[in-house]
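Have a look at the structure below before the remarks.
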Amino acid sequence: MTATACIPIQAQSAARAPDASRFPLDQWYVAGFSSELTDKPLARTFLGQKVVLFRTGEGQVAALEDRCCHRSLPLSCGTVEGGGVRCGYHGMLYAPSGQCIEIPGQERIPAKAKVKAYQVQEKNQIVWIWMPRIEGAEAGKAPPDYPYHDDPRYKFGSGNYHYNSPWQLIHDNLLDLSHLGYVHLQTIGGNARLHMNAEMKVTAEGDRVKVVRLMPGSTPPPTYKAAWPFGDKCDRWQEIEFDVSHLRIWTGALEPGTDAIDDPERGGFHMRGFHGITPETDDTCHYFWSMSSTKYPDMPDNIDAVIQQTAFTFDEDRLVIEAQYRNMLEFGERATWTDIHVDVGGNRARRIVSKLLEQQAQQAG
Ligand code: FES
Ligand SMILES: [Fe+2]
């Protein structure tokens, strides 16, 4: 028994009881990366719902409610066997559909011997889980595409964090990259004043927000220098796209005087970040990230350096965000916020989430 669901109860998170209605439903959320799903069951909680993820012997990904219908042991305490997962207590075997297909020592399988199954799809090395508003309802759309994981021009590395903070604090952080000049000086930072004064364009379309910041004449920060032979100056761009379940952040830089900084076909050094933010409970979330970067011919190790420094950078964000949330809890109602100019993107995203929750509440009657 290796899964986290099987650890002693006193060692588990003391988070408040989750309430799924506090999160937008009818969405594909990130459940993990393909490389995480093996022949061992993996326990994760998404939107307050305990799920066991596994990969069958045929390579199919599956997600079931993490509770055996017999005596409630988490299925993540069991084993993956051929086409299903076997409970680690009395051996009931469940198919990816949630149906029990074997009860050791008993021929008849009761009709109600089944558990809830979730729709999961693997795409571009990301495992997506559909969190429906109505149990059992089919997904109303396909999972998002993220082609850069399979694009030969890029190489990517990935990681994930369990965060002791609500998911929206990570949206705020990623939609406001002015913090780079204060939090990430050892890697992707640069001149704080330039970041704070960068012209910012924020647009919204449907349930998406896009923030673009252009910073010509920047001093290349350490990660950029490690990855690309920049001189004293570079023209930097940052394009952030928010979707409810994830963000795509395309940043990079050009040698001044080469391509136009706002040309999508521009050359230079590129970092494409994928950020899947999946709520776990009201107070905690999962943060799945990947960084895809372009190769520079004479610097064969450049992408490895970028990925390593990205991981360092995201460790810094986690320290800040978790400290921010601890302080919010300690100050309670007195922890009111005062907006400044950098908050436009984050606030737009918050309005989208609020709108979706209002719609959900109306649908629930
Ligand atoms: S608790 Fe799962 S088979 Fe008994
Ligand atoms: Fe950051």
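We're numbering straight along the sequence, starting at 1. Both counts, for ligands and for their atoms, begin at 1 and track the order of listing.
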Salt bridge present between Asp243 and Arg248 (N-O < 4.0 angstrom): no

Charged tip of Arg266 within 45° of Trp250 ring normal and under 6.0 Å: yes

Centroid separation Phe288 to His246 less than 6.0 Å: no

Check: Ser76 main-chain N/O paired with Asp66 side-chain donor or acceptor under 3.5 Å: yes

Lys210/Glu205 ion pair, N-O < 4.0 Å: no

Aromatic centroids of Tyr148 and Phe156 separated by under 6.0 Å: no

Distance criterion under 2.8 Å: protein N/O/S atoms around atom 2 (Fe) of ligand 1: 2

Geometric class of the Phe242/His171 ring pair [parallel <30°, tilted 30-60°, perpendicular >60°]: perpendicular

For the Fe ion (ligand 2), every protein N/O/S atom that sits closer than 2.8 Å, waters excluded: His179 NE2, His184 NE2, Asp317 OD1, Asp317 OD2

Nearest atoms (heavy-atom pairs only) where Ala253 meets Arg236: CB-CG, 4.0 Å

is_close_aromatic(Trp228, His270), centroid dist under 6.0 Å: no

